[in-house]
Amino acid sequence: MTQVFDVYARYYDLLYRDKDYASEAGFVAEQLRRHQPAGSRILELGCGTGIHAEYLARKGFHVHGVDLSAEMLVKAEARKASLPPEIAACLSFSQGDVRTVRVGAQFDAVVSLFHVMSYQNSNADLAAAFATAAQHLGPGGVFMFDYWYGPAVLLQKPEVRVKRLGDDQIEVLRIAEPVLRLAENVVDVNYSVIIKTKASCEVRQINETHSMRYLFLPEIPQLASGPEWASCTSTAWLKDVVPTEQDWAGFSVIHRR
Ligand SMILES: C[S@@+](CC[C@H](N)C(=O)[O-])C[C@H]1O[C@@H](n2cnc3c(N)ncnc32)[C@H](O)[C@@H]1O
């Protein structure tokens, strides 16, 4: 996993430059104010290059981001260094695995965004990530996360996708070829990424597999059935409604007892 994301980090922000991180952070902030009105301290599990963290810091939250990938964290630190000092002061990052990391502090909320929980493929991995969230929350704290939503995955079926992108330095062609592992509720997304450096015309190909666990709503309270957890609500990602087969991502909020 680390290797996959270390390579990925080089073109990650380019790949997702059209992703509306600002609106997504707005949605998360709204959910936080609804579920934990006095909350200001956030632990972000799988923070990547720190874009959600930046937007949340701009909204007045203090965010500590954790990620497995050293290269993603280098980018997150570089982003932090480019921010006005009062925003940068609200951000910190460290390396760790969401299944095992313990940062030695408590937070009002733990958030995990852009399918990080789906990267936890097995029941044991998911349970371990939930335990990490519980360990870092005080009473009444909330754990919020999105994930691939099972009914949409099975009814829409993942498709082969081709994405072309570029900037002044590189051109990237990415082909995604998914394989469903039905018995495990996992999709292996096999990416072939061809990167051309414009100045030297050097061409590199990277092959990587992202294995994504899709979840069904009844699994969420099951995962949060331990005595440390209280209520659980689930909606479609970025919406306030029950997800349908049109919604590729679900979003759940679980309250710590
Ligand atoms: C699709 S990216 C999302 C990054 C970021 N949340 C965003 O929205 O841009 C998934 C991230 O999860 C991280 N990740 C996956 N499994 C992890 C694990 N077990 N522990 C820590 N980070 C993990 C990867 O390194 C990667 O940065």
Side-chain angles (χ1 to χ4, degrees), residues 1-29 31 42-58 61 63-80 91-103 109-133 135-136 143-148 158 161 163 174 176 178 186-189 191 193 206 208-215 223 237-238 248-251:
M1 178 69 71
T2 311
Q3 273 180 346
V4 164
F5 276 98
D6 281 351
V7 174
Y8 203 46
R10 291 185 209 149
Y11 61 93
Y12 184 86
D13 286 345
L14 181 61
L15 200 55
Y16 295 112
R17 70 181 162 196
D18 297 330
K19 185 171 165 65
D20 193 350
Y21 278 95
S23 299
E24 293 182 5
F27 173 80
V28 171
Q31 296 287 327
I42 300 174
L43 174 65
E44 184 180 4
L45 298 178
C47 62
T49 61
I51 314 182
H52 286 120
E54 175 191 334
Y55 282 110
L56 289 166
R58 288 184 182 279
F61 294 98
V63 186
H64 181 76
V66 170
D67 204 281
L68 199 54
S69 159
E71 286 202 22
M72 291 296 231
L73 290 169
V74 166
K75 290 198 161 245
E77 290 289 357
R79 176 183 310 284
K80 175 180 165 181
L91 291 170
S92 55
F93 299 101
S94 63
Q95 191 171 17
D97 187 317
V98 303
R99 296 165 296 182
T100 52
V101 70
R102 299 292 180 265
V103 303
V110 174
V111 305
S112 192
L113 305 170
F114 203 10
H115 316 324
V116 174
M117 282 303 118
S118 283
Y119 281 90
Q120 313 316 311
N121 289 174
S122 68
N123 290 349
D125 289 344
L126 283 162
F130 273 54
T132 297
Q135 278 286 321
H136 292 92
F143 178 30
M144 303 182 167
F145 57 96
D146 71 297
Y147 45 90
W148 279 27
R161 284 175 198 263
K163 193 161 181 171
R174 187 181 80 163
V186 167
V187 180
D188 287 333
V189 187
Y191 290 105
V193 188
I206 298 164
E208 55 187 29
T209 299
H210 293 211
S211 298
M212 308 301 291
R213 168 79 178 258
Y214 47 89
L215 292 168
L223 282 161
W237 170 233
L238 301 178
W248 196 266
F251 176 72

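All of these numbers come straight from a predicted model, not from anything done at the bench. In each ligand, atom 1 is the first atom listed, and ligand 1 is the first ligand listed.
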Does even one non-hydrogen atom of [X] get within less than 4.0 Å of ligand 1?
X      : result
His115 : no
Tyr16  : no
Gly50  : no

Using a 4.0 Å cut-off to any heavy atom of [X], which atoms of ligand 1 qualify?
X     : value
Gly96 : 20 (N), 21 (C)
Tyr21 : 7 (C), 8 (O), 9 (O)
Met72 : 27 (O)

Practice problem: Please check if the side chain of Ser112 supplies one atom and the backbone of Leu45 the other of a donor-acceptor pair under 3.5 Å. | Solution: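 Yes.
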Quiz prompt | Donor-acceptor under 3.5 Å (Asp67 side chain, Gln95 main chain) | solution = no
Self-check item: Residues which pass salt bridge (charged side-chain N to carboxylate O under 4.0 Å, His left out) with Arg174, listed by chain and number, not counting sequence neighbours
Solution: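 Not a single residue meets the salt bridge (charged side-chain N to carboxylate O under 4.0 Å, His left out) criterion with Arg174.
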Quiz prompt | Which segment of Gln120 sits under 4.0 Å of ligand 1 when only heavy atoms are counted | solution = side chain
Quiz item: Of the backbone atoms (N, CA, C, O) and the side-chain heavy atoms from C-beta on, which set of Ser112 has a member under 4.0 Å from an atom of ligand 1: side chain, backbone, both, or neither?
Solution: neither
Self-check item: Among Val111, Ile51, Val116, Thr100, closest by any non-hydrogen atom to atom 14 (N) of ligand 1
Solution: Val116
Quiz prompt | Check: Val186 and Trp148 side chains under 4.5 Å, non-hydrogen atoms | solution =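 Heavy-atom side-chain distance check fails, nothing below 4.5 Å.
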Quiz item: So does Asp13 pair up with Arg79, basic N to acidic O under 4.0 Å?
Solution: yes
Self-check item: Distance (rounded to the nearest 0.5 Å) between Arg161 CZ and Tyr191 OH
Solution: 9.5 Å
Practice problem: Can you sort out the partners of Ala78 under side-chain contact (heavy atoms from CB on, under 4.5 Å), two or more places apart, ordered by chain and number? | Solution: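 Expected list: none.
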